[in-house]
Amino acid sequence: MGIKLWPIHPQPLPDELLSSWMIRVARDNGFKVHSFYAAHFGRERQIWNRDIDHHAPAWLLDGLEAHTGVQRVRLEAMTLRAFESVVFERFNETGNTRFLMPLSIFHRTRRAYGQQFCPLCLSEDKTPYLRRRWRLALQVVCVKHGVLLQDRCGSCGSPLVPHRADMHTTSTFPQRNTLRQCGHCRGSVIAAAVQVPRETIDTQRCIDRVLDQGFATLLNQDAVYSHLYFDGLRQLMIGLVALDAFPGQSGSFERAGVGDRLQRLQAAVALADDWPNRFLSYCSQVKKPYAAFTKDAAEIPYWLASVLRQQLLARSAPLYRDEAEAIVTASERITGRSDISTARLLSGRSIEHALARPCVSDDTADMLVASLDQEVSRSSGGRRALLLRDKVMFITARCMHLTAPQLLALDPMAFGGANCAQFSFWDRIDTSARAAAMLSWYLDRLRPQLLQGTCAPALFIGQGGAPLKPNAVSSRFTRAVLRANLNRMILNWDEWVRDPYNQVRVIQKVSCKT
C-alpha cells in the first residue's frame, strides 16, 4: 500500500526556502509545526535542532517527496546547497559554507542572525514566506523596495525562529500565516523599513545580476565565473578590514550585521569596478597592500591573484642581479639611454639594490678619473678649473670615505701651508695622506682661480666663490659617471666612498704630515 499524500500540500513559491515551505505545509494542514512532523516522522528524528536549509537529511527529503508529491529535485533546489557552483565552488557537508549566513544553533537556540528578510516583502505577501536568497551574506538590500534587509525581530531584537511562533499557543489549530510573528516575544518581526540611496541599490543589483547570469565581466577581461567573482570580492573585503578601512569592524563577513556587510560589500564592488585601475589606485595610498589582500587566503581567484602578483608582489619581491640587468638593457633599447633612473620609471621597480656591489673597485675608480682627465685635456679656462675641482672632490671623498655634506664641511685651514712638491696626479691617490697633499695643491693652485678675487670660507666653491651645496656635488658626480658610461658599475655616491674594510666613518682633521 502506497504512502498517502497529506491533505494539503501547497506548491513551493518562487525562491522559497525549504524551512519556510515546511512551516506552511504544517500550518495549512491545521497543526503546529513540531507536532505535525513528529507525528509523521517520529519524535526520535530531530528536525528543528539543526539548520535544515543548510543540512537537510536525505530521509527528510524522501519523506517530504512521498507525502507532498513535490519532486526531490525541486525540494533540493529549495535548500542552500543549490547555490553550489554559483555562489561558492564547494558545499561544506559538515560545517559552515562560505557566503551562507550561519544560524549557530545550540540546544535548539539560534545564537546568530542568519535569517534575513525584507520587511515590506513580508508585509505585502498574500502568503508570507522566506526567500532562499535572504540567507546569503551577499544580500543586504531589497532592490524591489529599495530598503535594507532585517536580520532580527523588530520588536525584541532576537534572531528569527519562525517554526516556534506557534509553540506557546493553546489552540490545537494555530493561525496559518504566522511567519510575521516572532517565536520569542510573540510580537511582529517587522520593523520600520530603512530606505537606502540609489548607489546602494545599484551595488545590490550588480550582485544579483552576477547571481542570475552565473558570471561577471571585468573590464578588459573575459567573463569570470560567479563563484570566482564572489571569492575575489570576499578577499577584497578581508583586505579592507585588515587595512582598517572600516574602523571598529572585525570578524567574518558571514557573521557581520547587515550594516557592516553593506559597507564592506559596497567598497569591494567599487574596487572591482574599472578593474584593476581603481584597485591599484587605492593600493598606492595604503601601506603593505599585498599582505592585507592576501590575508587568510588559502586560494585566491586568478582575476585577483594575477594583479596582486604582477602589480603588488612584483614591486616588493626579491630582485636578482640578472633580472635588474635585463631591465636596464630593455630600458636602453627603448629610450637609447643608459640610465638607471629611467629603467626604474619604465619598470616600476627599484633596481639599485640588485645591481649594487660592496664598493667601487679601484680599477673602476681609475676609469672615472681617466674620463675626467680626457675632459680636462679638451677644456680650458673656467670649465677646465671646474672639472679639476670635481676630480679633487671625488678623489678626496673616496680616500676619506666622506658623504657629500662631510666633504663640504672640511676646513681649508687643515690643509694650508703644506709642501705640495710631494704631490703628483701621476701617482694613484688612494690614501688620506695623498688626498691631503692633493687638497694642499688645490688650495694653492686651483681654488684661487675659482675665487676670482672674492673671499669664501668653504673649501670647495663654485665659479665666483659661492660655497657648493650637497645637491650640486651629487649632480656633478652623476654627470661624470654618465659621461664615463659607468652608471652600471657606479650606482651612487655611497658606493663610490664606501670603506671596503667597513670602517666607521669618523672624520678627523688631516694634515700633510699624517
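Starting from 1, each residue takes its place in the sequence as its number. Values in this document were obtained by computation on a predicted structure and should not be read as measured data. These values consider heavy atoms only, across backbone and side chains, with no hydrogens, waters or symmetry-generated copies.
- Nearest approach of Val269 to Thr203, heavy atoms of both residues: CG2-CG2, 4.0 Å.
- The minimum heavy-atom distance linking Ala268 with Leu236 is given by the pair O-CD1, 3.8 Å.
- Within the 4.5 Å cutoff, side-chain heavy atoms of Cys142 are placed close to those of Leu149.
- Annotation: side chain to side chain contact (heavy atoms under 4.5 Å, CB included) contacts of Ala472 (sequence neighbours excluded): Leu468.
- A search for side chain to side chain contact (heavy atoms under 4.5 Å, CB included) contacts involving Phe215 returns Gln213, Thr217, Ala223, not counting sequence neighbours.
- Taken to the nearest 0.5 Å, the CG atom of Asn92 stands 9.5 Å off from the CG atom of Leu100.
- For Phe293, the ring pair (Phe, Tyr, Trp, His ring centres under 6.0 Å) partners at least two apart in sequence or on another chain are Phe279.
- Contact detail for Ser158 and Tyr113: the closest heavy-atom pair is C-CE2, 3.9 Å.
- The side-chain heavy atoms of Leu233 and Ile207, taken from C-beta on, include a pair separated by under 4.5 Å.
- Side-chain atoms of Gln139 do not come within 3.5 Å of backbone N or O of Arg135 as any donor-acceptor pair.
- We find the CE-CG distance between Met393 and Leu410 to be 11.5 Å, quoted to the nearest 0.5 Å.
- Evaluation of the ring pair (Phe, Tyr, Trp, His ring centres under 6.0 Å) rule for His55 yields Phe91 as partners, not counting sequence neighbours.
- Under a cut-off of 6.0 angstrom, the local environment of CD in Glu299 is sparse, with at most 12 non-hydrogen atoms contributed by other residues, nucleotides or ligands.
- Each ring-ring contact (aromatic ring centres under 6.0 Å, His included) pair with one or both residues in residues 374-395, not counting sequence neighbours, appears once here: Phe394-Phe477.
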**Report entry** side chain to side chain contact (heavy atoms under 4.5 Å, CB included) evaluation trace for Asn96 with Glu254
**Finding:** CA-CA 10 Å; Asn96 295 327; Glu254 289 79 7; over 6 Å; no

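- Between the Trp496 side chain and the Ala397 main chain, no donor and acceptor come within less than 3.5 Å of each other.
- A distance of 8.5 Å separates CG in Leu211 from CD in Gln204, rounded to the nearest 0.5 Å.
- Taking the salt bridge (Lys or Arg N to Asp or Glu O under 4.0 Å) definition, one finds that Arg447 meets it with nothing, sequence neighbours left out.
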Report task. Could you walk me through whether Asp202 and Arg205 pass salt bridge (Lys or Arg N to Asp or Glu O under 4.0 Å), step by step? Result -> CA-CA 5 Å; Asp202 290 340; Arg205 281 204 175 103; 3.8 Å; yes

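- The side-chain heavy atoms of Leu386 and Leu450, taken from C-beta on, include a pair separated by under 4.5 Å.
- Contact of the Val369 side chain with the Lys391 side chain is registered, since non-hydrogen atoms from C-beta on lie closer than 4.5 Å.
- Looking at Gln150, its side chain does come within 3.5 Å of a backbone N or O of Ala191 through a donor-acceptor pair.
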Report task. Check the pair Leu439, Met400 against side chain to side chain contact (heavy atoms under 4.5 Å, CB included), reporting the backbone distance first and the verdict last. Result -> CA-CA 12 Å; Leu439 287 174; Met400 297 183 179; 4.3 Å; yes

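- In this structure, the side chain to side chain contact (heavy atoms under 4.5 Å, CB included) partners of Met101, at least two apart in sequence or on a different chain, are Gln116, Ala137, Arg261.
- With sequence neighbours excluded, the residues satisfying salt bridge (Lys or Arg N to Asp or Glu O under 4.0 Å) with Glu93 are Arg81.
- In this structure, Leu482 CG and Ile490 CD1 are separated by 10.5 Å, a value rounded to the nearest 0.5 Å.
- Applying the ring pair (Phe, Tyr, Trp, His ring centres under 6.0 Å) criterion to Tyr225, with sequence neighbours excluded, gives no partner residue.
- Pairing each heavy atom of Val307 with each of Trp303, the nearest pair is CG2-O, 3.8 Å.
- Arg132 is listed as a side-chain neighbour of Leu80, based on a closest heavy-atom distance under 4.5 Å.
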For residues 237-252, dump all side-chain donor-acceptor pairs below 3.5 Å to protein atoms at least two apart in sequence or in another chain.
from: Gln249; atom 1: OE1; to: Arg264; atom 2: NE; distance (Å): 2.8
from: Gln249; atom 1: NE2; to: Asp260; atom 2: OD1; distance (Å): 3.3
from: Gln249; atom 1: NE2; to: Gln263; atom 2: OE1; distance (Å): 2.6
from: Ser252; atom 1: OG; to: Arg255; atom 2: N; distance (Å): 3.4

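- Across every non-hydrogen atom of Ala435 and Cys399, the tightest pair is CB-CB, 3.9 Å.
- Residues Leu402 and Gln406 come closest through the heavy atom pair CA-OE1, 3.6 Å.
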**Report entry** Steps toward side chain to side chain contact (heavy atoms under 4.5 Å, CB included) verdict (Asp373, Leu387)
**Finding:** CA-CA 8 Å; Asp373 286 340; Leu387 289 169; over 6 Å; no

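- Arg98 forms no cation-pi arrangement with Phe88, by the criterion of a distance under 6.0 Å to the ring centre and an angle within 45° of the ring axis.
- With sequence neighbours excluded, the residues satisfying side chain to side chain contact (heavy atoms under 4.5 Å, CB included) with Arg131 are Asp15, Cys121, Asp125, Tyr129, Trp134.
- Phe460 is listed as a side-chain neighbour of Val392, based on a closest heavy-atom distance under 4.5 Å.
- Within the model, atoms CD of Gln463 and CZ of Arg389 stand 8.5 Å from one another, a figure rounded to the nearest 0.5 Å.
- More than 12 heavy atoms of other residues, nucleotides or ligands lie within 6.0 Å of CZ in Arg133, so this atom counts as buried by the packing criterion.
- Panel note: side chain His401, backbone Val497; a donor-acceptor pair is recorded below 3.5 Å.
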Query raised in the report: Is there a side chain to side chain contact (heavy atoms under 4.5 Å, CB included) between Leu443 and Leu459 once you walk through the steps?
Result: CA-CA 8 Å; Leu443 280 167; Leu459 178 60; 3.6 Å; yes

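- By the 4.5 Å heavy-atom criterion applied to side chains, Pro301 and Val224 are not counted as neighbours.
- Annotation: side chain of Leu408 is not in contact with side chain of Pro467 (no heavy-atom distance under 4.5 Å).
- Distance check: Leu372 CG to Ser377 OG gives 11.0 Å after rounding to the nearest 0.5 Å.
- A donor-acceptor distance shorter than 3.5 angstrom exists from the side chain of Thr478 to the backbone of Ser474, with no hydrogens or angles considered.
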Give every donor-acceptor pair under 3.5 Å between a side-chain atom in residues 192-201 and any protein atom, sequence neighbours left out.
from: Thr200; atom 1: OG1; to: Gln266; atom 2: NE2; distance (Å): 3.2

